[in-house]
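Any value given below was found using the heavy atoms of this structure, including those in side chains, with hydrogens, waters and symmetry copies removed. The model shown is predicted, which means the values in this text are computed figures rather than measured ones.
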Amino acid sequence: MPRRHPLQTKTTGQVDPAPPRAGGLDKFFRISERGSTYAREIRGGFATFFTMAYILVLNPIILGNTEDKFGDKLDAAQLATATTLVAAVMTIIMGVAGNLPLALAAGLGLNAVVAFQIAPQMGWDDAMGLVVLEGLLICVLVLTGLREAVMHAIPQPLKQAISVGIGMFIAFIGFVDSGFVTRIPDAANTTVPVQLGTGSLTGWPMLVFCLGVLLTVVLMARQVQGAILISIVAMTVLSVIINQLADVKSWGLTAPELPDTAVAAPDFGLLGQFDLFGSFGQISVLTVVLLVFTLILSDFFDTMGTVVGVTAEAGLLDERGQVPGLGRVLFIDSAAAVAGGAASSSSATTYIESAAGVGEGARTGFANLVTGGLFTLALFFTPVLTIVPMQAASPALIAVGFLMMTQVRHIDWNRYDLAVPAFLTIVVMPFTYSISNGIGAGFIAYVVIKACLGKAREVHWLLWGTAALFLAYFAIEPVKELLGI
């Protein structure tokens, strides 16, 4: 295999001009040392922001449309402010202290657990208190070294499988969010769960998505710098034009409509509105423990998969396959869960959409300053910065999914004791729409196969414990029924 030039990105193959002599920022973020440039970091920061900006709209919808036990709802405008603020602050902190291109925001899946499983059993302040408690407990796991030790105990093939699985997952997200793939209602009595569009591809939004995918892959094939970002911007402009000239029934979550005003004042009313132990007065202690356990396990392994997958795609793993500065990264992610609960925007976590920035060449935390800066601007310019429809942003996820999928070649498919767990890790992620589920399936298969082959001693004791926790996690509903909860 030919060696890649040190200034050559693994995503485009383009060789940038030699970077200038390292200055203060360059040395601090190790930009030149990692073979990157300011231009790449800036492009990466923009790409990451645009691919995850949907959370500014989606999180208020998920949390704001649900009533708590007492019939109260959270204010949508305040939720938008809280979501944006936490994303901005924690993304910048990750960039400065963790020096990795990993952006953070309210976690999808985690916010659904809070909205639909926790809030109906208590008040919103009690529910957010549970989120803070979950974040604090994960911080303890980091400080004791347990969270980092678990990540180090994972065999390299499973780490590679996690990255590949996330690639498939993030591509599937792109197809679903754009409407290219849609869920078939169970009432239809069909033999397949999803379909192409509404049975066929129709409408202007779908044309934008298809053109965006083609533009992105052509630009990448031609080794054009900024391919992903160029596509997002170009398709957004096209979407705005189409929306002005054509009668489009629906763009989905976000429509490319020119806003009446460019500025909206942020409302910080939800900050600090949480009760750390209020939930204990609303439900049983055992129920609280199970709810916190569910949040911790999902947050713990979603982050683990994302951090490993994105840093592996960036080529930043060391010779042992470890993430640089892992302890700091995990602590910041844990602190983000605390911040999200304290701001009433739900647990914040590291985003797999960060891979879009890596796809643009981001290799350092400097890209996070750009992404965090854009989130900060969004506090005041939300009407302008949220006009990017998913049909314009989703092609980036398809492209990044392809790039992450290429790591599948490093897995030894002739060793079934490694290949089968790797396979399950890869396929369960997109098929169940969950990173944690894929990791859990892979871990359980790995320890069971090793034990059955008489190689139980090859399995790190932390993997045995983690597999047992995943068994409890997958069987959480039967356990609740058994305990009468």
Side-chain angles (χ1 to χ4, degrees), residues 3-52 87-105 220 223-230 232-233 306-333 335-336 350-351 353-377 396 400 403:
R3 295 185 63 184
R4 191 163 53 241
H5 189 281
L7 297 180
Q8 193 176 41
T9 66
K10 64 189 296 184
T11 58
T12 66
Q14 181 90 6
V15 178
D16 280 353
R21 185 181 298 274
L25 279 177
D26 190 309
K27 289 182 179 179
F28 181 83
F29 288 105
R30 301 166 64 186
I31 296 175
S32 297
E33 180 181 334
R34 293 183 179 178
S36 186
T37 64
Y38 285 113
R40 289 179 184 170
E41 298 299 314
I42 292 171
R43 290 199 307 266
F46 270 88
T48 295
F49 172 79
F50 283 122
T51 53
M52 63 185 289
V89 172
M90 297 313 303
T91 295
I92 291 173
I93 290 176
M94 178 67 81
V96 174
N99 197 24
L100 289 175
L102 299 169
L104 300 92
M220 290 173 61
Q223 302 182 358
V224 175
Q225 296 180 17
I228 293 174
L229 185 57
I230 290 172
I232 293 174
V233 174
T306 300
V307 170
V308 170
V310 175
T311 52
E313 175 60 21
L316 296 177
L317 299 181
D318 62 23
E319 63 279 359
R320 297 177 300 162
Q322 309 296 352
V323 178
L326 179 60
R328 292 192 305 275
V329 171
L330 294 179
F331 185 81
I332 294 167
D333 181 87
T350 306
Y351 259 55
E353 283 83 354
S354 302
V358 170
E360 277 296 345
R363 296 294 181 270
T364 76
F366 187 82
N368 276 34
L369 299 188
V370 178
T371 303
L374 291 172
F375 273 119
T376 303
L377 286 176
V400 170
L403 295 172

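- Put simply, CG on D26 and OG1 on T37 are 10.0 Å apart, with the number rounded to the nearest 0.5 Å.
- Although no hydrogens or angles enter the test, the distance criterion places no donor-acceptor pair under 3.5 Å between the side chain of T48 and the main chain of G45.
- If you take CE on M220 and CD1 on I228, they are separated by 5.5 Å, rounding to the nearest 0.5 Å.
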Residue pair V310, Y351: steps toward the side-chain contact (heavy atoms from CB on, under 4.5 Å) verdict
CA-CA 9 Å; V310 175; Y351 259 55; over 6 Å; no
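- Counting heavy atoms from C-beta on, the side chains of N99 and R34 come closer than 4.5 Å.
- Looking only at side-chain heavy atoms (C-beta outward), P101 and L316 come within less than 4.5 Å of each other.
- Contact check for L25 versus I31: no side-chain heavy atoms found under the 4.5 Å cut-off.
- By the 4.5 Å heavy-atom criterion applied to side chains, L374 and L377 are counted as neighbours.
- Looking at N368, its side chain never comes within 3.5 Å of a backbone N or O of I93 through a donor-acceptor pair.
- Between A356 and A47, the shortest heavy-atom contact is O-CB, 3.9 Å.
- Closest of all the heavy-atom pairs between A362 and A314 is O-CB, 4.5 Å.
- Here CZ of R30 is found 12.5 Å from OG of S36. Values are rounded to the nearest 0.5 Å.
- Residue M94 holds its CE atom at 10.5 Å from CZ of R328, rounded to the nearest 0.5 Å.
- Nearest heavy-atom pair across E41 and G361 is OE2-O, 3.8 Å.
- Put simply, OG1 on T376 and CD1 on I92 are 4.5 Å apart, with the number rounded to the nearest 0.5 Å.
- Remark: the backbone N or O of R363 is not paired with any side-chain donor or acceptor of R40 at under 3.5 angstrom.
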Given V233 and F46, is the side-chain contact (heavy atoms from CB on, under 4.5 Å) satisfied, shown in steps?
CA-CA 10 Å; V233 174; F46 270 88; over 6 Å; no
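- Of the possible polar contacts, one joining the T311 side chain to the V308 backbone as a donor-acceptor pair under 3.5 Å is found.
- In terms of modelled atom types and a separation under 3.5 Å, the side chain of T364 and the main chain of L100 share no donor-acceptor contact.
- In this structure, the side chains of F375 and V89 stay at 4.5 Å or more apart for every pair of heavy atoms.
- Contact of the V323 side chain with the L330 side chain is not registered, since no non-hydrogen atoms from C-beta on lie closer than 4.5 Å.
- Smallest separation of non-hydrogen atoms from L104 and M90: CD1-O, 3.5 Å.
- Looking at E360, its side chain does come within 3.5 Å of a backbone N or O of A227 through a donor-acceptor pair.
- For the pair T350 and I332, the minimum side-chain heavy-atom distance is 4.5 Å or more.
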